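Here is the structure we will look at, set down as structure tokens.
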Amino acid sequence: MRRGFFLTFEGLDGSGKSTQLALLAAFLQQQGLPILVTRQPGDTTLGERIRALLLDAKTTGVAPMAEMAMMFADRAQSIEERIAPALAEGKVVLCDRFTDSTEAYQGGGRGLGSAAVLALHRVLCGDVQPEMTILLLPPLAISRARTSSRTAQAQAISAKGSVAADRFEQERLEFHERVRAAYHAIALREPERVLCIEGDPSIEEAQQRIQNAVLDRLRARGFLQSISADRT
Ligand code: TMP
């Protein structure tokens with residue numbers, strides 16, 4: 001049995017998940033918990049290369065199946081190199097995106113369906129599953145507006161003004177609507193695992209809900225006790 005605790009953050013681009021992940025990571029560290037913060041795609045040598053290829057708007061004509069396979073290649077590497085060792089060491093692993101992203105973006109957005117994603121997960125990721133997932137699901141208009149203003153800001157500070165939206169951000173509204181619907185379906189299917197934060201709460205309000213829910217879950221797993229025992 002794994003000693004650590006695997007927690008994932010999910011949501012559309014511009015949903016605020018990375019901000020919330022960073023705040024939670026700082027909070028858990030203050031509690032004295034050993035943590036690993038990681039993200040997908042990326043965070044391994046292979047993964048950063050896969051990320052650059054997949055996000056680059058100049059990578060055109062990618063077959064949806066190839067895109068899904070590359071997401072899983074990144075994930076398999078990340079599990080082997082980063083996630084499984086950290087869990088074996090008893091760490092709390094906070095991962096920015098995991099297989100729910102593939103189910104939402106490739107399964108929903110690209111129309112490949114959930115069954116193919118879940119089958120690949122079984123083959124390539126085995127039993128590595130998040131015990132808890134924080135899903136940030138603001139209205140689409142809000143996440144889209146945040147992504148556009150981020151790209152505009154990046155363009156303004158880039159000398160050549162050449163920063164473009166990435167390959168996923170450039171997708172049409174209908175693509176993002178399908179991604180959002182797929183996320184919603186995952187939350188309905190697995191309410192025990194997924195804490196879904198809808199609407200547009202303030203950063204502080206959302207963080208409070210996340211901290212409370214995560215602490216409850218860590219306590220229920222006996223995690224906080226075992227950490228304080230380890231430290232005494
Ligand atoms: P990020 O900017 O949040 O790190 O995400 C990178 C992009 O990759 C984001 O638009 C979502 C997309 N993505 C997928 O399409 N499928 C996946 O399995 C993952 C992990 C990310």
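Values in this document were obtained by computation on a predicted structure and should not be read as measured data. Whatever order the structure lists them in is the order used to number ligands and atoms, beginning at 1.
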Taking 4.0 angstrom as the limit and counting only heavy atoms of [X], give me the atoms of ligand 1 inside it, by number and element.
| X | value |
| --- | --- |
| F168 | 7 (C), 8 (O), 10 (O), 12 (C), 15 (O) |
| R75 | 18 (O), 20 (C) |
| Q40 | 20 (C) |

For the residue pair [Y] / [X], report whether a side-chain donor-acceptor contact shorter than 3.5 Å exists.
| X | Y | result |
| --- | --- | --- |
| D13 | T147 | no |
| S78 | T44 | no |
| E204 | Q208 | no |

Margin query: Please check whether T102 reaches ligand 1 - meaning an N/O of the residue sits under 3.5 Å from an N/O of the ligand, judged on distance alone.
Written below: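 Yes; at least one N/O pair falls below 3.5 Å.
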So does [X] pair up with [Y], basic N to acidic O under 4.0 Å?
| X | Y | value |
| --- | --- | --- |
| R97 | D74 | no |
| E171 | R178 | no |
| E48 | R39 | yes |

Item checked: ligand 1-proximal atoms of D13, by part, heavy-atom distance under 4.0 Å ->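 Just the side chain.
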May I ask you to identify the nearest protein heavy atom to [atom], giving residue, atom name and distance to one decimal place in Å?
| atom | value |
| --- | --- |
| atom 15 (O) of ligand 1 | Q106 NE2, 2.9 Å |
| atom 14 (C) of ligand 1 | M71 CE, 3.2 Å |
| atom 5 (O) of ligand 1 | R97 NE, 3.1 Å |

Note to self: In this structure, does ligand 1 have an atom that sits under 4.0 Å from one of the heavy atoms of K17?
What the structure shows: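 In this structure, K17 qualifies as a contact of ligand 1 - some heavy atom is under 4.0 Å.
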Checklist line | From the candidates R51, E169, E10, R39, the one that places a heavy atom nearest atom 2 (O) of ligand 1 | finding: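 Looking at heavy atoms only, the winner is R51.
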Item checked: R75/L120 under side-chain contact (heavy atoms from CB on, under 4.5 Å): CA gap, chis, key distance, verdict -> CA-CA 11 Å; R75 188 160 302 129; L120 278 178; over 6 Å; no
